[in-house]
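Each remark here refers to the structure printed beneath this line.
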Amino acid sequence: MKQITNRSKRLINECNIIEPAFIALRHEQIDTQTEYKSHSHSFGQLLYVVCGIMEMEVGGKHYLAPPEFCIWIPADVQHASFNKQSVKFRIIDFAQHLSGKLASRACVVRLSPIFQTIMSDFYQRGIVEPQTDEDKRLASVLVDQFALSPCQDTYLPITKDKFLAPILDALQRDPTDNSTLAQWAKRSYTSERTLSRRCQQELGMSFSEWRQRLRYLHAVAGLERGKSVHEVALDVGYSSASAFIAMFQQISGVTPDRFRTKESLNEVNRT
């Protein structure tokens with residue numbers, strides 16, 4: 001990996017990464033204002049976010065993943081990234097001969113508990129490539145579990161739709177905005193029904209789900225900066241910590257405090 005520093009950001013050229021015989025595992029950390037230049041590999045890569053928010057361009061499309069989600073990059077697909085904040089993540093390289101079993105398109109993935117358990121075991125034991133028969137069998141299960149994992153086009157979709165784009169841009173600038181879809185429709189001189197239909201068509205989800213995902217991303221960033229649960233709740237538009245905790249737990253499966261504890265444990269395991 002070659003690093004180039006300029007006045008405002010660090011440019012990274014990935015080089016000399018060798019295709020594994022089966023799978024290979026490694027850690028990476030991106031510092032603030034760091035860019036990975038566009039490149040590709042002859043094998044697939046799975047990027048599992050441990051801490052921070054990963055943003056990438058893969059095959060000309062924008063992808064974003066919060067902690068415990070992954071971005072899958074198939075073999076020979078051009079990809080690049082620029083992250084304003086630091087991100088800690090794990091990379092699993094998959095040999096080219098496995099491509100037929102895995103997704104043929106880039107996507108965001110939420111992995112199964114079995115996959116996460118095997119992956120965590122490998123990292124805790126410092127396994128780079130499985131060598132023993134036992135570890136090779138575990139690696140085969142890991143590949144099978146990944147092949148079964150559902151792929152999403154992106155965690156937080158964007159659109160150029162003339163009605164939706166200004167609304168989504170406004171919410172990204174101010175996630176505390178609690179305006180209803182009906183209120184947005186009135187401001188946009190259209191109907192709530194039209195906006196609701198366009199959300200499903202353009203985003204693949206409801207307006208409320210999209211806003212909830214946006215707030216979750218902002219909440220993760222706030223918690224990682226050390227803010228209290230109450231502060232983060234207010235920052236993302238909740239008047240009470242209890243409502244915020246319910247939302248956070250619905251998406252992540254853990255409470256904000258438990259999430260912060262897991263992040264600390266990940267850092268300990270990493271060191």
Side-chain angles (χ1 to χ4, degrees), residues 1-20 23-96 98-99 102-111 119 123 128 146 149-160 165 168-169 172-173 202-204 210 213-214 216-218 220-221 224 270:
M1 183 179 296
K2 183 179 179 182
Q3 297 186 12
I4 305 170
T5 303
N6 68 13
R7 294 177 184 175
S8 60
K9 62 185 178 183
R10 294 168 62 241
L11 302 177
I12 296 180
N13 285 314
E14 279 205 327
C15 55
N16 300 324
I17 299 176
I18 301 172
E19 178 184 351
I23 67 168
L25 304 93
R26 50 198 169 97
H27 287 286
E28 292 287 351
Q29 176 169 344
I30 299 176
D31 294 328
T32 58
Q33 301 295 316
T34 299
E35 177 181 357
Y36 276 78
K37 299 190 73 174
S38 183
H39 62 283
S40 65
H41 305 285
S42 61
F43 48 88
Q45 289 188 318
L46 186 70
L47 280 60
Y48 175 90
V49 181
V50 175
C51 180
I53 306 294
M54 171 72 76
E55 292 193 62
M56 299 192 74
E57 292 288 330
V58 185
K61 293 181 64 177
H62 180 259
Y63 291 86
L64 180 152
E68 301 199 13
F69 281 79
C70 305
I71 298 177
W72 165 243
I73 307 168
D76 300 315
V77 175
Q78 287 286 323
H79 54 282
S81 72
F82 175 70
N83 286 269
K84 296 178 181 178
Q85 304 299 325
S86 64
V87 184
K88 296 175 184 176
F89 59 104
R90 295 167 172 174
I91 298 178
I92 303 180
D93 298 324
F94 291 81
Q96 189 175 41
L98 297 171
S99 296
L102 306 175
S104 60
R105 62 182 178 88
C107 58
V108 174
V109 186
R110 183 77 180 264
L111 298 168
M119 177 179 65
Y123 277 101
V128 177
F146 177 35
S149 299
C151 283
Q152 306 172 9
D153 283 336
T154 184
Y155 183 78
L156 192 71
I158 57 176
T159 178
K160 295 181 180 179
L168 304 188
D169 288 344
Q172 291 191 71
R173 290 192 300 270
E202 297 290 326
L203 307 176
W210 189 93
R213 288 188 178 203
L214 173 70
Y216 173 69
L217 294 175
H218 281 269
V220 166
E224 290 176 347
R270 186 178 150 81

Any chance you could measure I71, atom CD1, to C151, atom SG, to the nearest 0.5 Å?
-> 12.0 Å
Between E19 and S42, is there a donor-acceptor pair closer than 3.5 Å when you use the side chain of the first and the backbone of the second?
-> no
Which value, rounded to the nearest 0.5 Å, describes the distance between F89 atom CZ and M54 atom CE?
-> 4.0 Å
Please round to the nearest 0.5 Å and tell me the distance separating atom OG1 of T159 and atom CH2 of W210.
-> 10.5 Å
d(E28 CD, L47 CG) to nearest 0.5 Å is 8.5 Å
Minimal non-hydrogen separation, T154 against L64, with atom names | OG1-N, 3.7 Å
V49 vs F69 side-chain heavy atoms within contact, under 4.5 Å = no
Would you check if D76 and Q96 make a side-chain contact, meaning some heavy-atom pair closer than 4.5 Å?
-> yes
Are the side chains of E55 and V87 in touch, meaning some heavy atoms are under 4.5 Å apart?
-> no
Whether W72 and F94 hold their rings parallel, tilted or perpendicular, with breakpoints at 30° and 60° = perpendicular
Measure across A106 and V58 and return the closest heavy-atom pair with its distance rounded to 0.1 Å.
-> CB-CG1, 3.5 Å
May I ask you to check whether Y36 and H79 place their ring centers less than 6.0 Å from one another?
-> no
For the residue pair P150 and V109, what are the closest heavy atoms and their distance?
-> O-CG1, 3.9 Å
About how many Å separate CG of L46 and CE of M119, when rounded to the nearest 0.5 Å?
-> 8.0 Å
Sole candidate of V128, V50, I92 that passes side chain to side chain contact (heavy atoms under 4.5 Å, CB included) when paired with Y123 | I92
Derivation and outcome, side chain to side chain contact (heavy atoms under 4.5 Å, CB included), residues D93 and H41 | CA-CA 10 Å; D93 298 324; H41 305 285; over 6 Å; no
Y48 side chain near E68 side chain, heavy-atom distance below 4.5 Å | yes
Determine the minimum heavy-atom distance between P67 and G52, stating which atoms define it.
-> CD-O, 3.3 Å
Determine the minimum heavy-atom distance between L156 and L217, stating which atoms define it.
-> CD2-CD1, 3.9 Å
Count the heavy atoms belonging to other residues, nucleotides or ligands that lie under 6.0 Å from CD1 of I158, then report whether that count exceeds 12.
-> no
Please round to the nearest 0.5 Å and tell me the distance separating atom CD1 of I23 and atom CZ of F43.
-> 13.0 Å
Residue pair Q172 / L214, side-chain heavy-atom distance below 4.5 Å | yes
Between Y155 and Q152, the two heavy atoms sitting closest are CA-OE1, 4.3 Å
